[in-house]
Amino acid sequence: MLQFPPSKLPDTPPTIFTVMSSLATQKNAINLGQGFPDFDMDAELIGLVNHYMLQGKNQYVHMNGLLQLREAIAEKVSSLYKSNVSAEDNITVTPGGTYAIYTALTSVLQPGDEVIVFEPAYDSYIPNITINGAIPIIIPLTYPGFNIDWQNVKQNITPKTRAIIINSPHNPSGNVLREKDIIELKQIVQNTDILILSDEVYEHVIFDDIEHKSLLKHPDLLEQSFVCFSFGKLFNCTGWKIGYCISGNGLMKEFRKVHQFNCFSCNSPVQFAIADFLKTDKSYLTLGNMMQRKRDILREGLTALGFKPIPSYGSYFQLFNYSDLSQANDKEFSTELVNNAGVASIPLSAFYKKGIDFKLLRFCFCKKDDTLLMAIKKLEDYFKGK
């Protein structure tokens with residue numbers, strides 16, 4: 001009988017997103033759990049992909065990404081963040097933001113390295129660290145604001161600290177980093193070998209006239225940083241799985257060593273299409289306003305039912321405290337809602353390694369207005385009938 005080798009991720013079950021999405025499908029529930037839009041993306045971009053397919057742009061492009069696309073990204077960075085990055089040396093196109101994060105960590109982590117992770121955390125971070133033999137050093141964000149306690153960070157820096165992962169706008173809380181956070185981060189990593197991984201996939205899904213504090217605004221940090229982005233979030237096409245990573249010359253050389261043997265080249269006609277589509281910034285500079293309106297629809301509707309919103313300044317997500325409605329733990333309550341109300345959400349405890357429960361659910365609002373209103377009505381009917 002075959003003896004399987006020990007698991008590299010022995011404590012990693014199927015993600016909560018898989019579990020809740022499957023349950024939502026079984027119950028024919030509205031899925032406000034997983035972060036994907038249910039509305040049509042821009043027809044012009046779809047047309048461009050079709051155009052380039054018919055033009056025969058269906059074979060491999062350069063391993064680092066189509067040059068025209070990397071040049072368009074460099075122009076976008078220059079325009080928005082007043083930072084000059086090289087299309088040749090600093091940008092690699094990837095099959096999604098999550099892939100970029102994994103590749104960045106894999107390219108630099110050695111067994112025994114320590115990586116600071118803030119919880120609640122996007123679910124890929126800790127497995128990415130662990131599979132590389134490194135050690136996640138988990139620091140909780142302060143509750144209920146989900147801010148970084150920088151004094152706690154300083155106390156957890158050791159000679160083994162290899163990297164710090166930051167995420168803004170933050171999934172799952174919707175909080176964003178402010179200028180004071182960047183100042184604190186700079187002070188910690190200055191004159192050290194500590195690297196930064198900045199997850200900025202929601203860079204344009206930011207609300208209330210707040211400015212996104214991209215690490216790309218700080219060229220002095222780029223040589224020790226990986227900054228990861230997602231076109232799926234930018235253009236409402238999460239299933240296309242296309243993103244990119246920007247880094248300094250030395251780190252990008254290491255990133256590409258891993259990339260070339262893991263992916264080699266990404267979807268070609270999509271890259272040609274996005275290179276054209278990026279020439280007009282209207283396609284993404286209005287994204288925040290659109291999503292903010294959807295956030296407000298959901299927030300107003302659920303607040304009226306007794307949910308208490310935690311401020312969301314960005315991302316696809318809004319956290320709600322339900323302690324006035326139920327004393328069940330968050331996994332039990334989210335299961336109750338999908339089974340009995342027909343609305344799927346994600347329990348916040350899933351974003352904590354130790355399953356910390358603040359009686360918070362994460363709802364996704366990147367949906368059609370009608371979908372959000374229908375979900376609110378289903379929840380209203382359910383609570384009225386209890």
Any donor-acceptor pair under 3.5 Å linking the side-chain atoms of Trp150 with those of Asp181? yes
With sequence neighbours left out, what residues match Asp296 under side-chain hydrogen bond (donor to acceptor under 3.5 Å, both in side chains)? Arg299
Counting only N and O atoms by type, is there a donor-acceptor contact under 3.5 Å from the side chain of Thr303 to the main-chain atoms of Glu300? no
Take atom CG of Asp220 as the centre, draw a 6.0 Å sphere, and report whether it contains more than 12 heavy atoms from other residues, nucleotides or ligands. yes
Is atom NZ of Lys160 surrounded by more than 12 heavy atoms (other residues, nucleotides or ligands) closer than 6.0 Å? no
Can you confirm whether the side chains of Ser349 and Asp330 place a donor and an acceptor under 3.5 Å from each other? yes
Ile129 and Ile135, any side-chain heavy atoms less than 4.5 Å apart: no
With no hydrogens and no angle check, just 3.5 Å: does a side-chain donor-acceptor pair link Asn329 and Glu332? yes
Do Lys353 and Asp11 pass the salt bridge (charged side-chain N to carboxylate O under 4.0 Å, His left out) test, and can you show the C-alpha distance, the side-chain angles, and the key distance before you say yes or no? CA-CA 10 Å; Lys353 187 173 178 62; Asp11 301 320; 5.3 Å; no
Do Ile182 and Glu184 have side chains that get closer than 4.5 Å, going by heavy atoms? no
Look at atom NZ of Lys76 and say whether more than 12 heavy atoms of other residues, nucleotides or ligands are closer to it than 6.0 Å. yes
So do Val227 and Ser247 actually touch side chain to side chain, heavy atoms under 4.5 Å? no
Quick check on Lys186: does its NZ atom have over 12 non-hydrogen neighbours (other residues, nucleotides or ligands) under 6.0 Å away? yes
Is it the case that the side chains of Tyr313 and Gln292 hold a donor-acceptor pair, with the cut-off being a distance below 3.5 Å and no angle test? no
Please check if any side-chain donor atom of Ser21 sits under 3.5 Å from a side-chain acceptor atom of Asn31, or the reverse. yes
No-hydrogen, no-angle side-chain donor-acceptor test under 3.5 Å, Thr25 and Ser22: no
State, yes or no, whether a side-chain contact exists between Pro309 and Gln318 at a heavy-atom distance under 4.5 Å. yes
Measure up the Phe146 and Phe358 rings against each other and bin them: parallel (under 30°), tilted (30 to 60°), perpendicular (over 60°). perpendicular
So, Ser78 side chain and Glu75 main chain: donor-acceptor pair closer than 3.5 Å or not? no
Using modelled atom types only, decide if a donor and an acceptor are shared between the side chain of Thr142 and the backbone of Gly145 within a distance under 3.5 Å. no
Is there a donor-acceptor contact under 3.5 Å from the side chain of Lys233 to the main chain of Glu200? no
Under 6.0 Å from the CE atom of Met41, do we count more than 12 heavy atoms belonging to anything else shown? yes
More than 12 heavy atoms of other residues, nucleotides or ligands under 6.0 Å from OH of Tyr60: yes or no? no
Heavy-atom check, side chain of Phe229 versus side chain of Leu216, under 4.5 Å: yes
Evaluation steps, ring pair (Phe, Tyr, Trp, His ring centres under 6.0 Å), between Phe333 and Phe320: CA-CA 12 Å; Phe333 193 57; Phe320 288 91; over 10 Å; no
Assess the side chains of Tyr102 and Asn262: does a donor N or O sit below 3.5 Å from an acceptor N or O? no
Among Ile101, Ile166, Leu215, which one satisfies side chain to side chain contact (heavy atoms under 4.5 Å, CB included) with Leu197? Ile101
Polar side-chain atom of Ser7 near backbone of Leu9 as donor-acceptor pair, under 3.5 Å: yes
How long is the straight-line distance from OH of Tyr244 back to CG of Leu234, given to the nearest 0.5 Å? 7.0 Å
CE-CZ distance between Met290 and Phe207, expressed to the nearest 0.5 angstrom: 9.5 Å
Could you see if Tyr352 belongs to whatever hydrophobic cluster contains Val153? Use Ile, Leu, Val, Met, Phe, Trp, Tyr and a side-chain cutoff under 4.5 Å. yes
Any sub-3.5 Å donor-acceptor pair from Ser168's side-chain atoms to Val176's backbone N or O? no
Are Glu88 and Ser86 linked by a side-chain donor-acceptor pair shorter than 3.5 Å? no
So, for Phe363 and Phe317, is the gap between ring centers shorter than 6.0 Å? no
Per the side-chain hydrogen bond (donor to acceptor under 3.5 Å, both in side chains) rule, which among Asn128, Thr98, Asn171 passes with Tyr122? Thr98
side-chain hydrogen bond (donor to acceptor under 3.5 Å, both in side chains) partner of Thr92, the single match among Gln260, Arg70, His62, Arg256: Arg256
With distance as the sole test, does Gln224 use its side chain to make a donor-acceptor pair with the main-chain N or O of Ile194 at under 3.5 Å? yes
Taking the side chain as every heavy atom from C-beta outward, state whether Glu119 and Ile139 have any atom pair closer than 4.5 Å. no
Give a yes or no answer on whether the side chain of Asn167 reaches the backbone of Pro169 with a donor-acceptor pair at less than 3.5 Å. yes
Chi angles and distances behind the side chain to side chain contact (heavy atoms under 4.5 Å, CB included) call for Val205, Ser315: CA-CA 5 Å; Val205 190; Ser315 80; 5.5 Å; no
So do Leu348 and Leu361 actually touch side chain to side chain, heavy atoms under 4.5 Å? no
Parallel, tilted or perpendicular for Tyr202 and Tyr316, by the 30°/60° rule? perpendicular
Could you check Tyr99 against His259 for ring pair (Phe, Tyr, Trp, His ring centres under 6.0 Å), going step by step and ending with a plain yes or no? CA-CA 9 Å; Tyr99 170 100; His259 171 71; 5.8 Å; yes
Might you confirm whether atom NZ of Lys213 has over 12 heavy atoms from other residues, nucleotides or ligands at distances under 6.0 Å? yes
Would you sort out whether Ile188 and Lys154 count as a side chain to side chain contact (heavy atoms under 4.5 Å, CB included), showing the intermediate values? CA-CA 7 Å; Ile188 287 172; Lys154 292 172 186 176; 3.9 Å; yes
With Arg295 as the cation and Phe365 as the aromatic partner, state whether NZ or CZ is under 6.0 Å from the six-membered ring centre and within 45° of the axis. no
Would the number of heavy atoms belonging to other residues, nucleotides or ligands and lying under 6.0 Å from CD of Gln59 be above 12? no
Is there a side-chain contact between Pro136 and Val115 (heavy atoms, below 4.5 Å)? no
About how many Å separate CG of Asp113 and OG1 of Thr161, when rounded to the nearest 0.5 Å? 9.0 Å
cation_pi(Lys294, Phe39) dist<6.0 Å, angle<=45: yes
Going by atom types alone, do Ser323 and Asn321 pair a side-chain donor with an acceptor below 3.5 Å? yes
Main chain of Gly232, side chain of Asn236: is a donor-acceptor contact present, judged purely on distance under 3.5 Å? no
If I compare all heavy atoms of Leu32 with all of Leu372, which pair ends up nearest, and what's the gap? CD2-CD2, 4.2 Å
For the side chain of Lys82 and the backbone of Ser79, is there at least one donor-acceptor N/O pair under 3.5 Å apart? yes
Show your working on salt bridge (charged side-chain N to carboxylate O under 4.0 Å, His left out) between Glu254 and Lys257 and close with a plain yes or no. CA-CA 5 Å; Glu254 296 304 312; Lys257 289 178 184 178; 2.9 Å; yes
Six-ring centre of Phe36, Lys367 cation under 6.0 angstrom, axis tolerance 45°: yes
